[in-house]
Amino acid sequence: MSTDGAPGPATQPATRAIPAKPSLDGVEERWSAVWRDQQTYRFDRAVGRERVYSIDTPPPTVSGSLHVGHVFSYTHTDLIARYQRMRGREVFYPMGFDDNGLPTERRVQNYYGVRCDPSVPYDPGFTPPAKPGKEQIPISRRNFVELCEQLTLEDEKGFEELWRRLGLSVDWSCTYATIDRRSRAVAQRAFLRNFARGNAYLAEAPTLWDVTFRTAVAQAELEDRNRPGAYHTLAFPKASGDGDVIIETTRPELLPACVALVAHPDDERYQPLFGKTVRTPLFGVEVPVVAHRLADPEKGSGIAMICTFGDLTDVIWWRELNLPARAVIGRDGRLLPDPPAAIDTEAGRAAYAELAGKTVHAAKTRIVELLRESGALKGEPRSIEHPVKFYEKGDRPLEIVSTRQWYLRNGGRDEQLRAALRARGAQLNWHPPHMRVRYENWVDGLNGDWLISRQRFFGVPFPVWYPLDADGEPRYDAPILAAEDSLPLDPSTDLPPGYTAEQRDVPGGFTGDPDVMDTWATSSLTPQIAAGWIDDPDLFERVFPMDLRPQAHEIIRTWLFSTVVRSHDEHDLLPWSDAAISGWILDPDRKKMSKSKGNVVTPMGLLEEHGSDAVRYWAASGRPGTDTAFDVGQMKIGRRLAIKILNASRFALGIVGGEGGAALSTGIATGDAASEATLAAVTEPLDRALLASLADVVDAATAAFDGYDYTRALEVTESFFWTFCDDYVELVKGRAYGGAGEAGAVSAQATLAVALSTLLRLFAPFLPFVAEEVWSWWQAGSVHRARWPEAAQLRKLAEAAPSRQLEVVGVVLSAVRRAKSEAKVSMKAEVASARVTAEPDVLALLAPVSADLRSAGSITDLALLDGTGEIAVAVELAPRPAAV
RNA sequence: GGGCGUGUAGCUCAGCGGGAGAGCACUCGCCUUACAAGCGAGCGGUCGCAGGUUCGAACCCUGCCACGCCCA
């Protein structure tokens, strides 16, 4: 019994007859159903870690829809999964769904016409209206979360259907959702452990704040957008009374929040001012002039006002120079009702009253008027365009407000940790390697710890309560942490140990932490979630740390980095050995495909139109990290290849299994390269040469796959396949039918069977449907559980035949065809004589296969003549038969 | 402004120190009983530009240009 083509654990129906007219119609439905019923891709957890190949599949966002980019990159992962499975690894290939966070919240709001109001009590009987009404219905957090869960469940069904049709070899019994019980428990347990180690902490600090969503935002969620602004020139009178200091600012509305002026320490213009004070216009607050290296002498007048807080540089100045805080902007993006205490003059308070309650925009307009009237505004504002920080999902500029938030240490404030995380990046095998640089750039650019709390509703709550003092104020310095065995929990409904429900939100009692975690704080734990860190330690042992993280490059700074942070902290390990980074799909204008450009094709439509194998073929042409054009032409080529495989297989198997053909023995008939019968049967030089070439192909494809270069593996396989069809099959046809005696026929038949078996397995990761279809005609079990071909076995059959032989024969065959093509006659036209002149070593390769060559070219007289240089072929066609 | 990547035939891409390649498209042929959704043959490129290294450069180095992405 050989391992070659051995059936996998799953059994299949008996092999079917070879269809007379093979077709791709219906292969997707047929085989995806069989794979589901037979559990072809089930993960067998009985094997040890060393035989497992585990994949940290990216959980797609269910609230969005799948697009071509998903089909593209998920196919890449499946190619690797299928290859590793055939190499004998037990593949742990789960699927997750990302239903945690703001996108789901928004979708639920719009879909059902509701909004979350935590003050509303839970209504167990709530059902949303059939059609969303004009006014959003306020519902409790629990009701809201229930709707989120309900809707995402439906979304997930559509995703699974598409993935199955695409042929992803996912084990569908290993699924998770980032908001399910297990994920919540994992996120909460990891948080508790981070806290216990001192790596999660609560801090009141200036925080980037989105005024629309009213939530804190992390550094990783920022983006710069160019926005129009204007420089305003303001005069600050010196406290000493001798003149003004002129500054420029784009945010005059923050003048009441001004705590100092700042210039570069080397700036000679302002050195006399350092240590002196000035007064703010309108408000009359005395502020110092200070020096700091981050002040840019080239910008504006070289001296700037520091406000709490206009931007992140203000935060740095405020912190490093120990300046007071004078907040004026509230969480709603409006100026606070009351002025900072430092504004203590009648006039100052009156000026502030003009601004209180206004939006930032309105306040700016008003204060410019006031400044102009007072004469403090010099000249007119000068329009500029400048980068402004936005929350990536928001559409109003971020403000900075001081709030209490949870942070997780990520090296942003700790050089030692930063260096350790940088080293983790270097330890990871990146595909392609240059993607590592993005990771390093990000780590190097971190300017603070990771803010993980969000003031939202649908997410994983912090498993934390705070005692309330006699005044009902939370004791943030003494949080009550949940016990690990009580997870997952919701502090807004669950009770802290030792308290009763009556003590909730009353003085001397407790209150639950109202925030939820950043979705990345859960997504960064996908290896732990998928691998059963909490509830399945046996599984965890076998699959963690994982082998592969496949993902897109734009989330290296978020998903990849944060996953490394969590694993480093919790396990002191890299979460996976390899990261495969996929590129973008570009539309024909070489722009990234996106909805807004209206050029997105629906994935299901694509699969239906071209066939799954064809779409996968196109996807396989995109190397890791390389952006790839959306190219229907490539899909058509893929479809043609699949059809060619059907036809070539039908033909080869017709010969092998036909009358007088190799129903000889099982080993020969199934193309078992390791069987003794096959070894004895393969005797002809051309057949051996074919197998020698095929062995080279197997080596090349294997090496390419091992290096995650599936594109190369497909290329070498495909290229060989066409040579196999066009040259080898043509050369061997006559002999295979018995034209050169029994032994020659058997040799050809055995070779055809071995070659076909090998090629089908090489193609199986790319074209799983057609490969399985053909495999089922003559083999037991699934091709996807068959063993990857071994070059050594083929070489043994080849008996050291020179693989170049095939190439040389091809050159002569091509010359004969050229002669016929130029003469515009049929390829079966008779050739009276062909005289081949070549170097002796080339002739030595041609001589043993001259019979096959004569047969394929219909050559009556083939002469091999010693010569020098390139192969030259003189062809003399036989006279055409007289016209009828 | 900094970093990374990409510029090779009309299109999509491979090649990355010694012959400029593949597929598609195009042209001309072939009903050759596996496949006309096929087969055969052919046309087509100062390898982004300019320097340099080398006996020799698409390939290595420098600068520039264009495009894309990431970060400021």
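In what follows, chains are A, B, ... by sequence order, proteins preceding strands, each numbered from 1.
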Can you tell me, in whole Å, how much space there is between the P of rU27(B) and that of rG19(B)? 34 Å
Go nucleotide by nucleotide along RNA chain B from the 5' end; which of Tyr617(A) and Arg712(A) gets its closest nucleotide reached first? Arg712(A)
Taken to the nearest whole Å, CD/Glu807(A) to P/rG21(B) is 14 Å
Whichever of Thr626(A) and His434(A) has its nearest RNA chain B nucleotide further upstream toward 5': His434(A)
Between rC71(B) and Arg557(A), is there an OP1 or OP2 to side-chain N/O distance shorter than 4.0 Å? yes
Taking atom C1' in both rU32(B) and rA41(B), compute the distance separating them and give it to the nearest angstrom. 15 Å
Residues in side-chain contact (heavy atoms from CB on, under 4.5 Å) with Ser73(A), at least two apart? Ser582(A)
Applying side chain to side chain donor-acceptor pair (under 3.5 Å), name anything that partners Ser523(A), two or more places apart in sequence or on another chain. none
In whole angstroms, the gap separating C1' of rC13(B) from CG of Leu586(A) amounts to 13 Å
Classify every nucleotide of nucleotides 25-36 of chain B by which part a protein heavy atom approaches to under 4.0 Å, writing B for the base, S for the sugar-phosphate alone and - for neither, in 5'-to-3' order. ---SSS-B-BB-
For Phe705(A), give me all partners under ring pair (Phe, Tyr, Trp, His ring centres under 6.0 Å), at least two apart in sequence or on another chain. Tyr83(A), Phe766(A), Trp788(A)
For Arg818(A) and rG42(B), is the shortest distance between a side-chain N/O and OP1 or OP2 below 4.0 Å? yes
What nucleic acid atoms does Trp722(A) come within less than 4.0 Å of, heavy atoms only: base, sugar-phosphate, or nothing? sugar-phosphate
Between P of rG23(B) and CZ of Phe720(A), the distance in whole Å: 17 Å
Cut-off 3.5 Å, no hydrogens considered: what does the side-chain donor-acceptor table look like for residues 730-740 of chain A, sequence neighbours left out?
| from | atom 1 | to | atom 2 | distance (Å) |
| --- | --- | --- | --- | --- |
| Glu730(A) | OE2 | Lys733(A) | NZ | 3.4 |
| Arg735(A) | NE | Asp852(A) | OD1 | 2.9 |
| Arg735(A) | NE | Asp852(A) | OD2 | 3.4 |
| Arg735(A) | NH1 | Asp687(A) | OD2 | 2.8 |
| Arg735(A) | NH1 | Gly744(A) | O | 3.0 |
| Arg735(A) | NH2 | Asp687(A) | OD1 | 2.9 |
| Arg735(A) | NH2 | Asp687(A) | OD2 | 3.4 |
| Arg735(A) | NH2 | Asp852(A) | OD2 | 3.0 |

Within the structure shown, what part of the strands sits under 4.0 Å from Arg436(A) by heavy-atom distance: base, sugar-phosphate, or nothing? nothing
For atom P, what is the distance between rU46(B) and rG68(B), given to the nearest Å? 26 Å
Say you draw a straight line from CD of Glu718(A) to CZ of Phe763(A); how long is it, rounded to the nearest 0.5 Å? 6.0 Å
Measure the distance from NZ on Lys636(A) to C1' on rC24(B) and round it to the nearest whole Å. 11 Å
Whole Å only: how far is the NE2 atom of His553(A) from the P atom of rG5(B)? 13 Å
In dot-bracket form, 5' to 3', how is RNA chain B paired? Count Watson-Crick and G-U wobble pairs only if both distances fall under 3.5 Å, and write | where the partner sits on another strand. ((((((((.[[[[.)..(..]]]].(((((.......))))).....[[[[[..)....]]]]]))))))).
Give me the distance, rounded to whole Å, that separates rU62(B) from rG45(B) when you measure between the C1' atoms they each carry. 26 Å
Residues which pass side chain to side chain donor-acceptor pair (under 3.5 Å) with Lys644(A), listed by chain and number, not counting sequence neighbours: none
Which nucleotide sits closest to the side chain of Ser814(A): rC69(B), rU12(B), rA41(B)? rA41(B)
Just the rounded figure in Å: distance from P of rC70(B) to CD1 of Ile556(A). 11 Å
Give a yes or no answer on whether the side chain of Trp450(A) reaches the backbone of Ser562(A) with a donor-acceptor pair at less than 3.5 Å. no
Distance between C1' atoms of rG7(B) and rG15(B) (Å, rounded): 15 Å
Between Glu298(A) (CD) and rG1(B) (C1'), how many Å, whole number? 14 Å
Across all chains, not counting sequence neighbours, the side-chain contact (heavy atoms from CB on, under 4.5 Å) partners of Ala704(A) are Asp709(A), Arg712(A), Ala713(A)
To the closest 0.5 Å, what do you measure between CZ (Arg639(A)) and NE2 (His610(A))? 9.5 Å
Give one of base, sugar-phosphate or nothing for Arg817(A), where a contact means two heavy atoms less than 4.0 Å apart. sugar-phosphate
For atom P, what is the distance between rA58(B) and rC67(B), given to the nearest Å? 26 Å
Span that lies between the C1' atom of rG23(B) and that of rG42(B), in whole angstrom: 16 Å
Show each protein N/O and nucleotides 6-8 of chain B N/O combination with a separation under 3.5 Å, one pair to a line.
none

Under 4.0 Å, heavy atoms only, any strand: does Asp224(A) hit a base, just the sugar-phosphate, or nothing? base
When rounded to whole Å, the CG to C1' distance for the pair Leu813(A) and rC39(B) reads 12 Å
Set of residues satisfying salt bridge (Lys or Arg N to Asp or Glu O under 4.0 Å) with respect to Arg650(A), sequence neighbours excluded: none
Would you call the rings of Trp778(A) and Trp775(A) parallel, tilted or perpendicular, taking 30° and 60° as the class edges? perpendicular
Residues two or more places apart in sequence or in another chain: which of them pass side-chain contact (heavy atoms from CB on, under 4.5 Å) with Glu440(A)? Arg422(A), Arg436(A)
In whole angstrom, give me the gap between the C1' atoms of rG63(B) and rU53(B). 15 Å
So, using ring pair (Phe, Tyr, Trp, His ring centres under 6.0 Å) as the criterion, who are the partners of Phe72(A) when residues are at least two apart? His76(A), Trp618(A)
Tell me whether the NZ or CZ atom of Arg549(A) lies within the 45° cone about the ring axis of Trp559(A) and under 6.0 Å from its centre. yes
